[in-house]
Every structure is written in C-alpha cells, then in structure tokens.
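Below is one structure, written out as structure tokens; comments come after it.
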There are 2 protein chains.
Amino acid sequence: MTSGTPTQQSPHAVTLERPALEDAREAIADGIEREALVTVFGRCTVDYEGRASSVLEAGDRHVMLKPDGAALVHTDEGQQPVNWQPPGCEHDVYCDRAGAVDGDEDNDGAGDDDGTDALVLESLRSNPDERLLVRFQRVLQVSTFSGTDENELALSGTEEDLRQRLLEEPALLEPGFTPLATERATPAGAVDIYGEDSAGRTVVVELKRRRVGPDAVSQLRRYVDALTRDLHADADVRGILVAPSVTDRAERLLGEHGLEFVSLEPTDG
Amino acid sequence: MTSGTPTQQSPHAVTLERPALEDAREAIADGIEREALVTVFGRCTVDYEGRASSVLEAGDRHVMLKPDGAALVHTDEGQQPVNWQPPGCEHDVYCDRAGAVDGDEDNDGAGDDDGTDALVLESLRSNPDERLLVRFQRVLQVSTFSGTDENELALSGTEEDLRQRLLEEPALLEPGFTPLATERATPAGAVDIYGEDSAGRTVVVELKRRRVGPDAVSQLRRYVDALTRDLHADADVRGILVAPSVTDRAERLLGEHGLEFVSLEPTDG
DNA sequence: GTATCTATCTCGACC
DNA sequence: GGTCGAGGTAGATAC
C-alpha cells in the first residue's frame, strides 16, 4: 500500500459477512472512496467486452479491486485471474433491480432481502475501450484493506544480471572479446552488447536468461543483417547468442545463418 | 470452485480478524486441508528462490492460496502479483519462534501475544525447484472461502476466431485463395494456414489477432524459407501476414523479404 | 517430460 | 502517445 500519505491510519481490515446487497454496495463504495484494497467473494456472472469479449456464467469467485484501478476475478484454479482489468480503470458499484438472472429466480441466498436483484461491479477502461462487469447474485463476504508498503521487490537472476556478468568478464564470451557498447541502436532494434573480437571483427551479442528457441535466433539474425548493411556491404559481422542452452530447432537455425552460441547462466550459481 | 464433489457444502466464507498468529496458523492449515481458497492480509516479508530470486522487505500485502496449489502475493498496485507460485505447489503454514525480524523488535501489533514471532507460509515447487516464503509479523485478517464454479470462460475474438473467419470466407485474404490445410507442419514449425492462390502458387498465411511487430514477420519468413526448401529449390512461395495492422519496422521487414500483408480483424465488429 | 506459440499477455523503457 | 523487448512470463498443445 504505497498510499503512504501523511494521513495514513494504522493498517486495518474491515469485513462484512453475508451482507445484504445494499450493505455490500455501501461498504465497497466506501472502500473505493478511501482508496482501500477491496475484495468481494460470492456468486456472480462476469462479462468482458473490449479487445476480445468473454462471458462467464454464475459461480462463486473472488474479486479484488485495487486503489490503482486494477480489477481481478479469481476462481479457485490457476495463477491467472479468469477476468481482469489493468490499473487505471474506473471502478463503479451499484445495485440493480432490473437485472434478474435466469436460473436464480428463487432468491434463497443471503443478501436478497432488500429488494435488489444484483450487486454490480463495473470497471471501465479507455484506450482501448474495455468494460468488465461482475454481477453478484449473492455476496458471502466483503472486505476492505488498508496498509502501508514502502518497499519494492529486489529481483536478481535477470537478463540484466547476465549482461553485467559478461561486461565485467568479457572473456566469458571468448578470449579477446572487447565490449564497445550496450543497447546499440540498429534499424532492427537495440543490440544487447556490441563489440569486437581479437581480430577486430564486429561482434553482436544477444543475451537470454534462459533456454532459447527460434525467436531469439531470428532476433539476432535481424541485428546482424541490419549491422552488416549499416557498416559496409562486405563487413564481417559475427552474431553470438548467449544463453544457458538452445533448443534443437534454434541450434539448426543458428547453423543455417552462420551464427554462434555461447552457453552462460545469468548467475555464477 | 470446480471442486464440486458430492460432499460439497453450500458456499461459505469464514473470517478471523486480527487473530493471534497461532490462531491464524490453525485457520489457514484447516483451509488448506479442506481445499478452500485461503487469503491472508497483514505485514509480511517475501522471499523467492528458484529460476531467479527475489527479496521483498516488510509491508502490508494480500496473499491468496488456491486449492490447486497456486499462491499469489498482491500489493495494492498492479495487475500482477508481486510474487507468486504456479498451480501444483505444496503449501505449508507454521509459526516460527526463531525468526526475529529486524526493525520489528517491539511487537506492538496484534497476534504477538502467543509467544510466536512470525507466521510463515511456504509454497514449494519441483521441476524447477522453487520456493516462496511469506513471513507474517502481523496478521490483520484470515479468510477461507468455499463454493462451486462449474462454468468455464467463453472467450471470443481470439486468433482462433480469426482463423475461422478466414477459412469460412477465403476471399477475405484475396479473390481466388484456396485454403488447403491448417497447422501444416514445416521444419520451422506449424503454419497457421497453408493454401494456393488463383495462379496455383503456394501461400503461407500467418495470423495475428492484433497489431504486429518484427517478431511475427520473422516467424512468417522462417515458414516461407522452410517451405521453399521443402517443396522445390525454385518453388514460388508467397508469405502473407494477416493482422489488424503492422508497425513501421515490421512493414519494412515485410518489404525486404518480399512478404505481403492483409489487414483483417478477428471479428466483424 | 520438452518444445513451440498464443495472450484481453503485463510491464518498463525509450523515442 | 506508439514501439519495442523482457518476463520467475502463464497457459495450451503437440511431440
């Protein structure tokens, strides 16, 4: 909760269990207003319309609304939400009397005693125009969470680490290699490491932190082609792919195009 | 909750607010045991070690453990979890007396009155070996959720829809185009649509549901190269990229390699 | 299991 | 804003 404003209270969580839909609506609206993280669990349908479109019939799901405008709908399976909306969206919540949902006519669940038929969460995005609609027939829990989170994730073992490693010890590529630039621009994009071998030939290095397939080889090939044209028609440009390993198809592609491979891990481990 | 076993009770949510760490541990262990979806909100540190490694210092975060073994750690920002574990992991929860965390020596929060220093959630994966450790100094809420979710997401507007559209109406590509196969195998991978134009020339079609960059052009190029070699040395193989639009760099690449582009959306909208 | 490719990819960086 | 490439990408599918 990076909303560490001076007015930040101590961290807290407020929960309603089996609330009437109108009470749930009020708690959610209040949570959005106070820029809390809001969760709702209950029986709902989900509709998405935008770049693609989707429909999800009734089931019990967990919905999270973040103060930055993100929305997540999770089932009990999978790491990914079944539906979502990215940060920057406008969240809205309201009760809907008109939206009777077939198959749920006999309102025997909780939250149906206030005359409303459904609690609707709406999340809107522009550019592209996209809309996420979660319609709850029954709400089992609503929570709002506030807190502080000043720290950021420190991640290591990335491609950036691999680059650092190679720049600090260029001989890991091959004896006599001299790095001259990183992120060197070419018409085909920026080259990871640009340098010279012991014979003075231009070397293009493409780094990948993990085992690579044909895509990485094509990428390296585009860089080599672009640099060959950029320098001289008959320039001798070597292309070297650096990664822990390559797939068979990628290895064949490397051979076909006269490219090389050096096995190296992001970390010394 | 697709765990729709015959013994499935009615959907329910159980919540503890500001529990002692040992009570939290018991509720979480019970939730994991009953294959519920478990959430924990509180002040925690997060460590990940595996393909890469990461450290996240103390802050208030929302953790979700799914019955399929997935784990998600969410801050109040971003659509993506700050740390996670994929489905298939083993979840474990225990209280830790030894793990005193610097900067939190004066235990003034809730849940510190039972003599334990931290509540630890551990999520283990094998192949690759990866470990996620969430250590709570303070727990503000624990919830366990159960329910039923029989329905699956129905998504449209995908690349598959684009393929269907083109197969039903091949003239959308160009008059006289005849599709002969989908997913035709080549040494470079499977071609989306393989067919013939009105002059009997082989046509390779690569589909993308959205605006494409250089990667898609390289992919198409690999297919055309592979098929040219596969058929005859002097075979005339056309490569056509079908997508809503292309970037400038991709367009230039298309021209360089004699490939073509047809603008088409996944849906008629 | 490995390999390949799609994705409402998300995210950040750079122009 | 668009473009580009990385990602602990995840997820599906074919081998």
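Chain naming here is simple, since letters A, B, ... match the order of the sequence lines and numbering starts at 1 in each. Small disclaimer: the values here were computed from a predicted structure and weren't measured.
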**5′-ward residue of the pair A:Asn127/B:Val212 relative to DNA chain D** = A:Asn127
**Fill in**
In short, B:Cys89 meets B:Ser123 closest at the heavy-atom pair CB-OG, 3.4 Å
**Request:** Sticking with atom P, work out how far C:dT4 lies from C:dT8, rounded to a whole angstrom.
**Result:** 23 Å
**Request:** Apply side chain to side chain contact (heavy atoms under 4.5 Å, CB included) to A:Glu169 and list each qualifying residue two or more places apart in sequence or on a separate chain.
**Result:** A:Leu172
**Prompt:** Once you round it to whole Å, what is the distance between C1' of C:dT4 and CG of B:Asp215?
**Reply:** 14 Å
**Request:** Please report the C-alpha distance between A:Gln85 and A:Tyr48 in whole Å, then the side-chain angles of each, then the deciding distance to 0.1 Å, and finally whether the side chain to side chain donor-acceptor pair (under 3.5 Å) criterion is met.
**Result:** CA-CA 9 Å; A:Gln85 204 67 293; A:Tyr48 153 74; over 6 Å; no
**Request:** Please determine if A:Glu251 and A:Arg249 form a salt bridge, counting it only when a charged side-chain N lies under 4.0 Å from a carboxylate O.
**Result:** no
**Prompt:** To the nearest angstrom, how far is A:Arg211 atom CZ from C:dT4 atom P?
**Reply:** 8 Å
**Message:** Whole angstroms only, please: what is the CD-P distance between A:Glu159 and D:dC4?
**Reply:** 17 Å
**Message:** Please report the distance, rounded to the nearest Å, between CD1 in A:Ile193 and P in D:dG5.
**Reply:** 17 Å
**Message:** How many whole angstroms separate atom CG of B:Asp192 from atom P of D:dT13?
**Reply:** 15 Å
Each nucleotide N or O in nucleotides 8-11 of chain D that has a protein N or O under 3.5 Å away: list the pair and distance.
| unit_1 | atom_1 | unit_2 | atom_2 | d |
| --- | --- | --- | --- | --- |
| D:dG8 | O6 | B:Asn83 | ND2 | 2.9 |
| D:dG8 | O6 | B:Trp84 | N | 3.0 |
| D:dG8 | O6 | B:Trp84 | O | 3.1 |
| D:dG8 | N1 | B:Trp84 | O | 2.5 |
| D:dG8 | N2 | B:Gln85 | OE1 | 2.6 |
| D:dG8 | N2 | B:Glu130 | OE1 | 3.3 |
| D:dG8 | N3 | B:Arg51 | NH2 | 3.0 |
| D:dT9 | OP1 | A:Arg210 | NH1 | 2.9 |
| D:dT9 | OP2 | A:Arg209 | NH1 | 2.6 |
| D:dA10 | OP1 | B:Trp84 | NE1 | 3.0 |
| D:dG11 | OP1 | A:Gln79 | N | 2.9 |
| D:dG11 | OP1 | A:Gln80 | N | 3.0 |

**Prompt:** Between A:Lys66 (NZ) and C:dT10 (P), how many Å, whole number?
**Reply:** 13 Å
**Asked** What is the minimum heavy-atom distance between B:His74 and A:Lys66, and which atoms define it?
**Response** ND1-NZ, 2.9 Å
**Request:** Please list, chain by chain and in numerical order, all residues satisfying side chain to side chain contact (heavy atoms under 4.5 Å, CB included) with B:Glu152, sequence neighbours excluded.
**Result:** none
**Request:** Under 3.5 Å for both distances, Watson-Crick or G-U wobble, that's the pair rule; now give the dot-bracket for DNA chain C, with | marking pairs to another strand and [ ] for crossing ones.
**Result:** |||||||.|||||||
**Request:** Tell me what B:Glu206 touches on the nucleic acid: a base, only sugar-phosphate, or nothing, going by heavy atoms under 4.0 Å.
**Result:** sugar-phosphate
**Message:** Run A:Asp215 and B:Arg222 through salt bridge (Lys or Arg N to Asp or Glu O under 4.0 Å) and show every step you take.
**Reply:** CA-CA 10 Å; A:Asp215 281 4; B:Arg222 290 200 302 272; 3.1 Å; yes
**Request:** Apply side chain to side chain contact (heavy atoms under 4.5 Å, CB included) to B:Glu90 and list each qualifying residue two or more places apart in sequence or on a separate chain.
**Result:** none
**Item:** Euclidean distance, atom CG of residue A:Leu133 to atom P of C:dT8 [Å, nearest integer]
**Value:** 19 Å
**Message:** So which atom in B:Arg210 and which in B:Ala243 form the shortest heavy-atom distance, rounded to 0.1 Å?
**Reply:** O-CB, 3.7 Å
**Complete:** On a heavy-atom basis, the closest approach of A:Ile32 and A:Val38 is N-CG2, 4.0 Å
**Message:** Any residue in residues 244-258 of chain B with a heavy atom nearer than 4.0 angstrom to DNA chain C? Just list them by number, or reply none.
**Reply:** none
**Fill in**
In short, A:Ala58 meets A:Thr45 closest at the heavy-atom pair N-CG2, 3.5 Å
**Message:** With rounding to the closest Å, how many angstrom separate the P atoms on D:dG11 and C:dC11?
**Reply:** 15 Å
**Request:** Grab the CZ-P distance between B:Arg163 and C:dC5 for me, whole Å please.
**Result:** 13 Å
**Request:** Of all the heavy-atom pairs spanning B:Phe136 and B:Phe41, show the shortest one and how long it is.
**Result:** CE2-C, 4.2 Å
**Request:** Tell me what A:Ala188 touches on the nucleic acid: a base, only sugar-phosphate, or nothing, going by heavy atoms under 4.0 Å.
**Result:** sugar-phosphate
**Asked** Think B:Tyr223 has a side-chain N or O under 4.0 angstrom from the OP1 or OP2 of C:dT4?
**Response** no
